[in-house]
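Notes to accompany the following structure.
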Amino acid sequence: MNYWLLKSEPNEYSIDDLAQDQETIWDGVRNYQARNFLREMQRSDLAFFYHSNVKPPAIVGLARVIETQVADPTQFDPESPYYDPKSTPDSPRWQTVKIAFVEKLKRITLPQLKEMFHPEELAVVKKGNRLSVMPVSSAVAQRILTYSN
DNA sequence: GCCAACGTTGGC
DNA sequence: GCCAACGTTGGC
């Protein structure tokens with residue numbers, strides 16, 4: 001089983017939104033590196049839910065991957081800001097996953113994460129990192145879970 | 001609000 | 001295929 005980190009701006013979609021919805025399709029990712037990680041995800045993988053673009057940014061919860069290789073529906077929707085006219089239902093360009101709410105965690109802020117981990121251990125503490133989907137090693141994941149329980 | 005980092009676009 | 005210009009992310 002693998003661990004991941006998913007960034008979201010809470011004014012777009014927060015952990016409370018996920019707690020209310022219980023599950024959601026992680027749509028709107030339009031970065032190839034992030035998509036490649038989404039393609040690697042397997043059912044029952046766990047993802048840390050991270051709030052970005054707020055003060056302070058923080059890990060706030062946990063989600064579980066419940067369905068993989070989901071074609072992002074927004075790529076076919078001309079009304080969506082994520083519409084991709086070059087993508088067809090026969091060969092969708094953007095795959096994602098469906099995730100389910102697991103729990104809210106005791107918040108770990110970015111400054112705290114920087115104290116706990118080196119940039120090589122956890123990409124989200126690296127300066128200038130803009131990737132919205134990234135892997136987390138199980139050693140790092142265990143330390144986060146221990147800290148926030 | 002600023003701006004560093006970095007991905008994407010498009011002219012050549 | 002290079003790279004300058006441009007746009008976006010996201011911490012500060």
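As a basis for the values below, the full set of heavy atoms in this structure was taken, side chains included, without hydrogen atoms, waters or symmetry mates. Letters A, B, ... mirror the listed sequences (proteins, then strands); counts begin at 1.
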With sequence neighbours left out, the residues meeting ring pair (Phe, Tyr, Trp, His ring centres under 6.0 Å) with A:F48 are none
Contacts of A:E121 meeting salt bridge (charged side-chain N to carboxylate O under 4.0 Å, His left out) (sequence neighbours excluded), chain-then-number -> A:R143
Salt bridge (charged side-chain N to carboxylate O under 4.0 Å, His left out) pairs touching residues 17-40 of chain A, sequence neighbours excluded, are A:E23-A:K98, A:R30-A:D72
Protein heavy-atom contacts under 4.0 Å, written 5' to 3' over nucleotides 4-10 of chain B as B (base), S (sugar-phosphate only) or - (none), form the string SBBSS--
Q: With heavy atoms under 4.0 Å as the rule, sort A:K114 into base, sugar-phosphate or nothing.
A: sugar-phosphate
Apart from A:V70 itself, its cluster of hydrophobic side chains linked below 4.5 Å comprises A:I25
Grouping ILVMFWY residues whenever side-chain heavy atoms fall under 4.5 Å, the cluster of A:W94 otherwise contains A:Y32
